[in-house]
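What follows is a short report on a single structure.
If you're wondering where the values come from, they're calculated on a predicted model, not measured in any experiment. We count residues from 1, following the sequence as given.
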Amino acid sequence: EKNIASEKGGGIYIQSSTSEFNNLILKENESNLGGAIYALDSEIDFYHLTGFMNDANYGANLSSENSQISIYNSIFWESANSTFDINNEDLIIQNSILSSQNLGESNFYVHPEFSETNQFGLTRVSSGLGQGIINESITTDVYGNPRVQSTNLNILNPDIGAVEHNLGEKRFINWHVSHIGNNNNSG
């Protein structure tokens, strides 16, 4: 959080690596290339990453050279215009929430509805609840809370982002208010 790199990779710098990262929060990092992440000559998979208000001259979220990057079940929410500085043929983003449109499948381009920006949990009306891709090897979130797991009888998907909500799906509650100011109204 709040790292500053003069050149590349404010949050993470990856070089000549084949790696998988799970359950990360990268917040308010800065650099010239790749405010949150910079990758060089690498193959990287990210699952359940939350990137928030990272900044860079090129690629506030991610900048890469000669790398293959796959991002699943993640949130990248920035105020910057240049969120990704990467060759699009080498980038897969799927089942994620993005502040700006990009290539990918099943992504959302709406505010993630964080309950607060210190812990990055999602509210009960977030579009990210229950919209992730199932990866059975990831059983907990960034805080050690259990990820939603499917069974033979009940297919549930995990949440998008680093933090799993205890609901597992978006829920709306009807509230009824009496016009005379008491709680005796049934709707």
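For E43, the side-chain contact (heavy atoms from CB on, under 4.5 Å) partners two or more places apart in sequence, or in a different chain, are T18, Q68. With sequence neighbours left out, S115 forms a side-chain hydrogen bond (donor to acceptor under 3.5 Å, both in side chains) with no residue at all. Residues passing the side-chain contact (heavy atoms from CB on, under 4.5 Å) test with N3, sequence neighbours excluded: N29. Partners of N95 by side-chain hydrogen bond (donor to acceptor under 3.5 Å, both in side chains), not counting sequence neighbours: none found. Judged as a ring pair (Phe, Tyr, Trp, His ring centres under 6.0 Å), and not counting sequence neighbours, the contacts of F46 are F21. Contacts of N135 classified as side-chain contact (heavy atoms from CB on, under 4.5 Å), with partners at least two apart in sequence or in another chain: E20, Y47, S137, I138. For F108, there are no ring pair (Phe, Tyr, Trp, His ring centres under 6.0 Å) partners, not counting sequence neighbours. Applying the side-chain contact (heavy atoms from CB on, under 4.5 Å) test to S74 and every residue at least two apart in sequence or in another chain returns L49, I71, F76, S96. Qualifying salt bridge (Lys or Arg N to Asp or Glu O under 4.0 Å) partners for E30, counting only residues two or more places apart in sequence or in other chains: none. Remark: S19 pairs with S17 by the side-chain hydrogen bond (donor to acceptor under 3.5 Å, both in side chains) rule, at least two apart or across chains.
Listed here is the closest heavy atom pair of G34 and A56: N-CB, 3.9 Å. Scanning all heavy atoms of the two residues, the minimum distance from S42 to Q15 falls at OG-C, 3.6 Å.
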Inset, instruction - Report the C-alpha separation of L26 and N54 in whole Å, then their side-chain angles, then the decisive distance to 0.1 Å, and conclude whether the side chain to side chain contact (heavy atoms under 4.5 Å, CB included) test is met. - result: CA-CA 8 Å; L26 297 171; N54 295 291; 4.3 Å; yes
Inset, instruction - Begin with the C-alpha distance, continue with both residues' side-chain angles, and end with the deciding distance and a verdict on side chain to side chain contact (heavy atoms under 4.5 Å, CB included) for T50 and W77. - result: CA-CA 8 Å; T50 297; W77 201 257; over 6 Å; no
Inset, instruction - Check the pair F84, I93 against side chain to side chain contact (heavy atoms under 4.5 Å, CB included), reporting the backbone distance first and the verdict last. - result: CA-CA 11 Å; F84 296 95; I93 302 177; 3.8 Å; yes
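Residue I75 is tested with D159, I160, V163 for a side-chain contact (heavy atoms from CB on, under 4.5 Å); the sole match is I160.
Cluster annotation: I4 and M53 are assigned to distinct hydrophobic clusters (Ile/Leu/Val/Met/Phe/Trp/Tyr, side-chain heavy-atom contacts under 4.5 Å, transitive).
The side-chain heavy atoms of R147 and D141, taken from C-beta on, include a pair separated by under 4.5 Å. Contact of the I44 side chain with the I14 side chain is registered, since non-hydrogen atoms from C-beta on lie closer than 4.5 Å. Looking only at side-chain heavy atoms (C-beta outward), K8 and E65 come within less than 4.5 Å of each other.
The closest donor-acceptor contact from the side chain of S126 to the backbone of E113 lies at 3.5 Å or more, if one exists at all. For the pair S67 (side chain) and D41 (backbone), a donor-acceptor distance under 3.5 Å is present. Side chain of S99 to backbone of E78: a donor-acceptor contact under 3.5 angstrom is found. Between the side chain of T140 and the backbone N or O of N145, no donor-acceptor pair lies under 3.5 Å.
Separation of atoms CG (L129) and CG (N157) is listed at 12.0 Å; rounding is to 0.5 Å. Remark: L40 CG to N66 CG distance equals 7.0 Å, nearest 0.5 Å. Going from atom OG1 of T123 over to atom CD of E116 covers 10.5 Å, rounded to the nearest 0.5 Å. The distance from the CD atom of E7 to the OG atom of S31 is 8.5 Å, given to the nearest 0.5 Å. I69 contributes atom CD1, which lies 8.5 Å from atom CG of D90 (distance to the nearest 0.5 angstrom). Expressed to the nearest 0.5 Å, how far CD1 of I86 lies from OH of Y38 amounts to 10.5 Å.
Judged purely by distance below 3.5 Å, without hydrogens or angles, the side chains of H48 and N23 never pair a donor atom with an acceptor atom.
Judged as a ring-ring contact (aromatic ring centres under 6.0 Å, His included), not a single pair has a partner in residues 123-143 (not counting sequence neighbours).
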